[in-house]
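Quick caveat, the model's predicted, so the values are computed rather than measured. Chain naming here is simple, since letters A, B, ... match the order of the sequence lines and numbering starts at 1 in each.
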Amino acid sequence: MNIFRLAGDMTHLISVLVLLLKIYATKSCSGISLKTQELYAIVFVTRYLDLFTDFISLYNTVMKLVFIGSSLAIVWCMRYHRVVRRSYDRELDTFRYWILLGVSFILALVLHEKFTLQEVFWAFSIYLEAVAILPQLVLLQRSGNVDNLAGQYVFFLGAYRAFYILNWIYRYLTEQRFTRWISCVSGLVQTALYADFFYYYFISWKNNAKLQLPA
Amino acid sequence: IEECNVHDEL
């Protein structure tokens, strides 16, 4: 464990807490893409298949349970909670995410560390996570005005993977046997997808204005 | 040696 990875995990945790806060405090999920939340639930379930077979540390197990539990709770809330579900922007959240699922799975069948069920699903979850934010970014562009909590949620979600890139650089320099090309390349793609969001987020923060994404 | 390709990252 290094400071970059810890910062990354904490930032990721903050993004989940911000989203839970938004949904429970405002009883609304406006501006949040259910498709991105469902993709993230799939990411965590397929990535943590080793939850009960490989014990790394208490921290690792607890965080896995938190991410799986919170992502499923958010999907459940947005689908079935009688108050929250009414504020879901159904007609704006129309990204055809089957494409993302299909491409990620085919890529995982071709590019993986070992051809075992667990490793193929792990690679699938890495590729899927890189593109899982797309429905959310499209929804934010379509809905124009971005409420603070939704903007902060996406910001922290993007920042966490940026910390992980620093973690991979650090591990590459300090651990001679560290090669995680699948994670590194995917993580770079993932963070790059946020680049324009970060730019507009920074502009809005600098001008102390509402976050406006160009349609 | 212990199998080192266990994914220790979240």
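In this structure, A/Y170 places its OH atom where only 12 or fewer heavy-atom neighbours from other residues, nucleotides or ligands lie under 6.0 Å away. Residue A/Y59 places its OH atom among more than 12 non-hydrogen atoms of other residues, nucleotides or ligands, all under 6.0 Å distant. Within 6.0 Å of atom OH in A/Y172, 12 or fewer heavy atoms from other residues, nucleotides or ligands are found, so the atom counts as exposed in its surroundings.
Put simply, CG on B/D8 and CZ on A/R180 are 6.0 Å apart, with the number rounded to the nearest 0.5 Å.
Considering A/Q118, A/E119, A/R47 as possible partners of B/H7, the one that fulfils the side chain to side chain contact (heavy atoms under 4.5 Å, CB included) test is A/E119.
Ion pairing between B/E9 and A/R171 holds under the 4.0 Å rule for side-chain N and carboxylate O.
For the options A/R5, A/H12, A/M1, heavy-atom pairs under 4.5 Å to chain B are most numerous at A/R5.
The closest side-chain heavy-atom distance from A/K64 to B/L10 is below 4.5 Å.
Residue A/F44: no heavy atom, backbone or side chain, is found under 4.5 Å from chain B. Only the side chain of A/D54 comes within less than 4.5 Å of a heavy atom in chain B; its backbone stays farther off. With a 4.5 Å cut-off on non-hydrogen atoms, A/F55 does not touch chain B at all.
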